[in-house]
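Contents: one structure, followed by commentary.
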Amino acid sequence: MSVTQEIADRLEAAFAPTELNVVDDSESHRGHAGFQEGGESHFNVKIRSAKFKGLSRIARHRAVHDALGAELIGRIHALALDLDV
């Protein structure tokens, strides 16, 4: 399973989002730190979920990191998050 799909699956399970978009943006980071051939190192994630209601920005980010888990987070160099209700 690709890292992109693994991210999407875990976030879908944890947040039942109304909108989820996971984009592998690795190629645009060619030549930068953390780039690896084949991609799957830099991601942009947009999630809209009622589960974020009442949570601060930091709490939302922590919830996403918890849902992804330390092992998966360890395989990702960069993760840009756009989180809202």
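Please read these numbers as outputs of a predicted model, since none were measured by experiment.
Between Glu6 and Arg75 there is a salt bridge, with a side-chain nitrogen of the basic residue lying less than 4.0 Å from a carboxylate oxygen of the acidic one.
In this structure, Lys51 has no side-chain hydrogen bond (donor to acceptor under 3.5 Å, both in side chains) partners at least two apart in sequence or on a different chain. Considering only residues two or more places apart in sequence or on other chains, Asp82 meets the side-chain hydrogen bond (donor to acceptor under 3.5 Å, both in side chains) condition with Arg48. Not counting sequence neighbours, Glu12 has no partner by the side-chain hydrogen bond (donor to acceptor under 3.5 Å, both in side chains) test.
Side chains of Leu81 and Phe43 form no contact here, defined as non-hydrogen atoms less than 4.5 Å apart. Using a 4.5 Å heavy-atom threshold, the side chains of Leu79 and Ile76 count as touching. Ile7 is listed as a side-chain neighbour of Leu72, based on a closest heavy-atom distance under 4.5 Å. At least one side-chain heavy atom of Asp84 sits under 4.5 Å from a side-chain heavy atom of Arg60. Inter-residue side-chain proximity for Asn21 and Val23 is flagged as met; some heavy-atom pair is nearer than 4.5 Å.
The same ILVMFWY cluster, assembled from side-chain heavy atoms under 4.5 Å apart, contains both Phe15 and Ile73.
Annotation: the span from His61 atom NE2 to Phe52 atom CZ amounts to 8.5 Å, rounded to 0.5 Å. With rounding to the nearest 0.5 angstrom, the OG atom of Ser56 is 7.5 Å from the CZ atom of Arg62.
Residue Val45 forms a side chain to side chain contact (heavy atoms under 4.5 Å, CB included) with just one option from Asp25, Leu20, Leu68, and that option is Leu20.
A donor-acceptor pair under 3.5 Å links the side-chain atoms of Ser26 to the main chain of Ser41, judged by distance alone. With Glu40 contributing its side chain and Thr4 its backbone, the two residues share a donor-acceptor pair below 3.5 Å.
Closest approach of Pro17 and Leu11 over heavy atoms only: CD-O, 3.9 Å.
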